Every structure is written in C-alpha cells, then in structure tokens.
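One structure below.
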Amino acid sequence: MTPDSTPTAKRALVTGATAGIGAAFARRLAADGWHLVLVARDAARLAEMAAELTGRHGREAETISADLSTDDGCALVEARLAAGSPVDLLVNNAGISLNKPFLRSSVEDEARLLRLNVHAVMRLTLAALRPMTERRDGAVINVSSVAGFGAVMPGSTYSASKAWVTNFSESVGQSAQPFGVRVMALCPGYTRTEFHDRAGINMSKTPEWMWLRADDVVDEALRDLRKGKLVSVPTWKYKVAVAGLRHAPRRLLQAVARDTRGRIGRDQA
Ligand SMILES: NC(=O)c1ccc[n+]([C@@H]2O[C@H](COP(=O)([O-])OP(=O)(O)OC[C@H]3O[C@@H](n4cnc5c(N)ncnc54)[C@H](OP(=O)(O)O)[C@@H]3O)[C@@H](O)[C@H]2O)c1
C-alpha cells in the first residue's frame with residue numbers, strides 16, 4: 001500500500017472529509033488516483049465534495065452521512081469497512097474541541113467529545129484492521145494533535161483525548177507492523193480550518209507563524225506514512241515544540257501551563 005502520485009485503484013475512507021484537514025486528505029488522495037469513501041454528518045456538503053472529486057479527478061466517491069459521536073453512526077461506517085470494495089487507507093480525522101474549561105463543562109459535552117475523538121477512533125481502527133491484517137495490506141492514519149504531548153492546557157479534556165489517540169496509534173501501529181499494515185498518529189499544530197470557529201474559540205491573538213496549511217499537513221503525513229513512521233509531527237517548528245513538551249522538566253511545563261490558564265477555552269489546538 002503506497003500512497004504516492006501513481007494512479008491506483010486503491011480506496012481511502014476519510015472521516016470529517018468535508019472541511020479542513022479531512023477535505024485536504026480527500027482532495028490530495030483523489031488527485032493521486034485513489035477512490036474515496038467520504039464520511040461526515042452534513043449530507044449536502046458530502047454530495048458537493050463527492051461531485052467535486054469525481055468531476056475533477058474521475059475517481060469514485062461514495063458518501064456516508066454519519067454522526068460518529070453516536071453508536072449508530074459508528075456502526076454505519078464499521079459496516080462499510082467490513083463489506084464492499086476493500087478500504088486500503090482509513091483516515092480517522094473527524095474531531096472536535098470545546099470552548100469551555102472542564103470545571104464549567106457538562107457530562108453531555110465531554111461525553112460527545114470523547115465519543116468522537118476517542119471512542120469512534122477506537123471502533124473504526126478495529127473495524128479497518130481486521131480485513132487489512134487478513135489481506136496483509138493497508139494503513140490507518142489517526143489525526144491527533146501536538147496538544148496531546150503535554151497537559152499545557154489545564155482544564156482541557158481535548159489534550160487528554162489526543163494523548164490517547166497518539167499513544168493508541170503508536171501502540172497498535174507496532175502490533176500491526178508484522179501484518180504489513182501501518183498505523184500512524186498525525187499530530188498537527190494550529191492549522192487553518194473551520195475547527196476553532198466551530199468550537200467558538202477566538203484565535204485572533206495567535207501569531208501568523210504558528211499556523212499551518214492543511215495541504216502541507218497532509219503532504220507531510222503521507223510522506224511520513226511512506227517512511228513507516230508511527231507518529232508524524234508536521235513542520236520543524238512543531239517538532240521542536242514537541243521535543244520541548246516531551247523532555248522539559250514537568251515543573252517548567254506546569255509553570256507555562258499556569259501562565260496560559262487564563263487563555264483556556266480560547267487557544268486550544
Ligand atoms: N485545526 C487545527 O488547528 C487542528 C490542530 C491539531 C489537530 N487537529 C485535529 O484535526 C482533525 C480535523 O480537524 P479540522 O481542523 O480539519 O476540523 P474542521 O475544519 O472543523 O472539520 C471537521 C470535519 O469533521 C466533521 N465532523 C465534525 N463532527 C463530526 C461528527 N460528530 N461525526 C462525523 N463527522 C464530524 C465535519 O463535518 P460535519 O460537521 O458535516 O459532520 C468536518 O468535515 C480533528 O481531529 C482535530 O482535532 C486540528
């Protein structure tokens with residue numbers, strides 16, 4: 001399984017494929033010759049994206065309208081992964097943040113975040129890996145975040161959910177390798193998408209240099225997947241940030257976190 005620029009008849013299923021990083025994956029993979037299965041909730045936007053990909057690249061683009069924070073939504077996508085034309089690449093990309101600190105949050109909102117960012121990723125990864133390991137071919141990219149490398153945003157369950165995605169992907173990636181299947185966590189920093197607007201997070205004070213383009217994130221992710229990496233952190237500036245988060249003394253990170261506490265709920269990546 002090689003996502004490269006050679007036209008292939010391979011098929012990728014992308015969740016959250018109508019906006020941001022998921023749409024960038026869908027467009028890039030279609031341009032590279034992949035057939036697509038597009039998943040999101042908004043059926044009209046899905047149909048628009050499918051028409052764009054088919055019109056521009058002549059690729060097949062199935063759509064599944066599903067809310068992945070629900071059991072029924074996950075079951076729909078699991079059923080597609082289990083039957084029909086084989087899916088060679090799963091991109092678990094759909095994810096949300098909340099614009100409120102945990103102490104002011106509700107069980108319903110936190111559960112919705114965990115169901116989409118964690119539970120759906122677990123279910124769809126398992127559903128995809130079964131046929132992939134049998135075929136001894138395939139790959140899964142789980143879109144995580146640099147936010148998962150440290151509790152630098154106190155009061156946020158988003159970081160914790162992404163720490164789970166990264167740890168889970170690295171762990172499962174190692175057990176899938178002997179079967180010829182790759183699993184990789186993709187950990188972007190701030191990326192220009194609809195993500196922060198949807199959560200109502202004000203990003204106006206975030207400096208321009210911190211922002212990534214979704215297309216660049218996808219380029220680097222596909223390169224890292226080809227190299228067999230288990231964890232991909234696009235761009236050197238976020239690699240440096242992650243090295244700091246991984247190796248700086250805990251007390252220093254906690255001091256930085258205290259300093260940013262006032263901004264929580266506004267600046268989560
Ligand atoms: N943007 C950043 O700065 C950033 C940084 C690090 C990591 N990430 C991660 O990157 C991933 C993609 O984020 P993005 O920035 O591209 O977000 P985005 O622009 O807001 O796009 C989100 C996509 O997910 C779909 N979606 C949302 N809720 C869903 C649900 N319950 N069920 C199914 N689909 C759902 C949306 O379509 P519908 O609304 O139609 O469902 C849309 O297609 C997320 O996992 C996020 O945590 C983002």
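What's counted below: heavy atoms across the whole structure, side chains too, no hydrogens, waters or symmetry copies. As the structure is a computational prediction, the values presented were derived from the model and not from experiment. Both counts, for ligands and for their atoms, begin at 1 and track the order of listing.
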- ligand 1 atoms in contact with Asp67 (distance to a heavy atom under 4.0 Å): 30 (C), 31 (N), 32 (N)

- Task: Please check if any side-chain donor atom of Thr70 sits under 3.5 Å from a side-chain acceptor atom of Asp72, or the reverse.
- Result: no

- Message: Quick check on contacts: which atoms of ligand 1 are under 4.0 angstrom from a heavy atom of Val143?
- Response: 9 (C), 10 (O), 11 (C), 45 (O)

- Query: Does the pair Arg192/Glu208 count as a salt bridge with the N-to-O cut at 4.0 Å?
  - Reply: yes

- Query: With the threshold set at 4.0 Å, does a side-chain nitrogen-carboxylate oxygen contact exist between Arg213 and Asp215?
  - Reply: yes

- Message: Could you work out, for atom 22 (C) of ligand 1, the closest of Arg115, Met203, Glu194, Arg198 by heavy-atom distance?
- Response: Arg198

- Query: Hey, is ligand 1 close enough to Leu68 that some N/O pair sits below 3.5 Å?
  - Reply: yes

- Would you tell me which option among Ser144, Ala17, Ala94, Ser161 has the nearest heavy-atom contact to atom 26 (N) of ligand 1? Ala94

- Pairwise side chain to side chain donor-acceptor pair (under 3.5 Å) hits with a residue in residues 111-124, at least two apart: Asp71-Arg115, Asp71-Arg123, Glu78-Arg123, Asp109-Arg112, Asn117-Ser161

- Message: For the CG atom of Asn142 and the CG atom of Leu186, what is their distance to the nearest 0.5 Å?
- Response: 9.5 Å

- Would you check the N or O atoms of Phe195, main chain and side chain alike, for any that come under 3.5 Å of an N or O of ligand 1? yes

- Does Asp42 reach ligand 1 with a nitrogen or oxygen that is under 3.5 Å from one of the ligand's nitrogen or oxygen atoms? yes

- Task: State whether the shortest distance between N or O atoms of Ile96 and N or O atoms of ligand 1 falls below 3.5 angstrom.
- Result: no

- Message: As a check for students: among Gly189, Ala199, Ala26, identify the option with a heavy atom nearest to atom 5 (C) of ligand 1.
- Response: Gly189

- Item | Single hit among Tyr190, Tyr238, Phe195 for ring pair (Phe, Tyr, Trp, His ring centres under 6.0 Å) with Trp211 | Tyr190

- Query: Is the shortest N/O to N/O distance between Thr191 and ligand 1 below 3.5 Å?
  - Reply: yes

- Do the non-hydrogen side-chain atoms of Met184 and Val231 ever get within less than 4.5 Å of each other? no

- Query: Looking only at heavy atoms, is any part of Arg192 under 4.0 Å from ligand 1, and if so is it the side chain, the backbone, or both, or is it neither?
  - Reply: neither

- Item | Proximal atoms of ligand 1 relative to Tyr158 (non-hydrogen, under 4.0 Å) | 7 (C), 8 (N), 9 (C), 46 (C), 47 (O)

- Task: Taking all heavy atoms of Met132 and all of Val87, pick out the closest pair and write down the distance.
- Result: CE-O, 3.5 Å

- Which atoms of ligand 1 have any heavy atom of His196 under 4.0 Å away? 2 (C), 3 (O)

- Under 4.0 Å from one or more heavy atoms of Tyr190, ligand 1 contributes atoms 3 (O)

- Roughly how far apart are Leu76 CG and Leu68 CG, rounded to 0.5 Å? 9.0 Å

- Task: Kindly write out the residues that satisfy ring-ring contact (aromatic ring centres under 6.0 Å, His included) with Phe168, not counting sequence neighbours, or none if the list is empty.
- Result: Trp164

- Atom pair CG (Leu13) and CG (Asn93), whose distance is rounded to the nearest 0.5 Å: 11.0 Å

- Task: Flag Ile21 as yes when one of its N or O atoms lies below 3.5 Å from any N or O atom of ligand 1, and as no otherwise.
- Result: yes

- Message: Side chains of Trp209 and Lys237, heavy atoms from C-beta outward: is any pair under 4.5 Å?
- Response: yes

- Would you mind listing which atoms of ligand 1 come within a distance below 4.0 Å of any non-hydrogen atom of Thr18? 37 (O), 42 (C), 43 (O)

- Record the part of Ala66 in heavy-atom contact with ligand 1 below 4.0 Å; permitted values are side chain, backbone, both and neither. backbone

- Task: Report yes if Trp211 has an N/O atom closer than 3.5 Å to an N/O atom of ligand 1; otherwise report no.
- Result: no

- Query: Hey, looking at atom 38 (P) of ligand 1, which of Lys162, Arg41, Arg45 has the closest heavy atom?
  - Reply: Arg41

- Task: Would you tell me which option among Val39, Asn93, Val146 has the nearest heavy-atom contact to atom 44 (C) of ligand 1?
- Result: Asn93

- Note on the structure: Per-atom filter on ligand 1: closer than 4.0 angstrom to a heavy atom of Gly20 are 16 (O), 19 (O)

